[in-house]
Q: 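Submitted below is the structure of interest, expressed as structure tokens.
Computation of the quantities below employed the complete heavy-atom set of this structure, encompassing side-chain atoms and omitting hydrogens, waters and symmetry-equivalent molecules.
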Amino acid sequence: MAKQVEKPEWARVAEAFEASGLTQRQFAQQRGVKLSTLQSWVYRSRRAASSHAEPVRLLPVQVAEPVADEASVLEVVAAGGARVRFVVGTDVTYVALLVAALGR
């Protein structure tokens with residue numbers, strides 16, 4: 001019979017799993033713990049983390065017809081690869097907020 005492990009220890013085990021890069025099955029076998037117990041604590045850990053996450057903010061987006069003159073269009077590529085094209089003269093603050101939101 002395996003020894004009882006306290007709640008703080010399981011929180012550390014779940015955190016170690018998240019950082020390990022292993023599958024849950026591999027991690028459980030390596031640590032000698034029941035897969036179902038590991039899954040339960042990983043689920044609890046993720047649920048607790050998501051309850052503290054910053055709420056999603058939506059920004060208004062206006063879809064427009066393509067501009068005929070490509071020279072008057074600028075493009076920003078966010079870190080995640082999203083592309084934002086806008087016409088010269090578009091509110092820079094709006095573009096900055098949009099790109100920042102896409103980068104999250």
Q: Do the non-hydrogen side-chain atoms of L74 and V88 ever get within less than 4.5 Å of each other?
A: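 Counting from C-beta outward, L74 and V88 do come under 4.5 Å.
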Q: Might you point out which heavy atoms bring Y94 and Q62 nearest each other, and give the distance in Å?
A: OH-N, 4.0 Å
Q: Rounded to the nearest 0.5 Å, how far apart are CZ of R31 and CG of L38?
A: 9.5 Å
Q: Which label fits W41 and W10: parallel for a plane angle under 30°, tilted from 30 to 60°, or perpendicular past 60°?
A: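 Rings of W41 and W10: parallel, as their planes differ by under 30°.
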Q: For Q30 and L22, work out which heavy atoms get closest and say how close.
A: OE1-CD1, 3.4 Å
Q: Search all heavy atoms of V42 against all heavy atoms of Q24 and return the closest pair with its distance.
A: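 Nearest heavy atoms, V42 then Q24: CG1-NE2, 3.7 Å.
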Q: Taking everything shown except R44 itself, do over 12 heavy atoms lie less than 6.0 Å from its CZ?
A: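 For R44, atom CZ is crowded (more than 12 foreign heavy atoms under 6.0 Å).
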Q: In plain terms, say whether E9 and R12 are close enough for a salt bridge, that is, a side-chain N and a carboxylate O under 4.0 Å apart.
A: yes
Q: Just checking E18: does its CD atom have more than 12 heavy atoms from other residues, nucleotides or ligands closer to it than 6.0 angstrom?
A: yes
Q: Okay, side chain of Q26, backbone of T23: is any donor-acceptor separation there less than 3.5 Å?
A: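 Side chain of Q26 to backbone of T23, a donor-acceptor pair under 3.5 Å: yes, one is there.
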Q: Are L97 and V76 in one and the same hydrophobic cluster, where Ile, Leu, Val, Met, Phe, Trp and Tyr link if side-chain heavy atoms are under 4.5 Å apart?
A: yes
Q: Under 4.5 Å between any side-chain heavy atoms of K34 and Q39, yes or no?
A: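 K34 does not reach Q39 side chain to side chain.
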Q: Check whether any side-chain heavy atom of F27 sits under 4.5 Å from a side-chain heavy atom of V13, and report yes or no.
A: yes
Q: By the definition side chain to side chain contact (heavy atoms under 4.5 Å, CB included), identify the one residue from V99, V92, L98 that meets it with V95.
A: V99
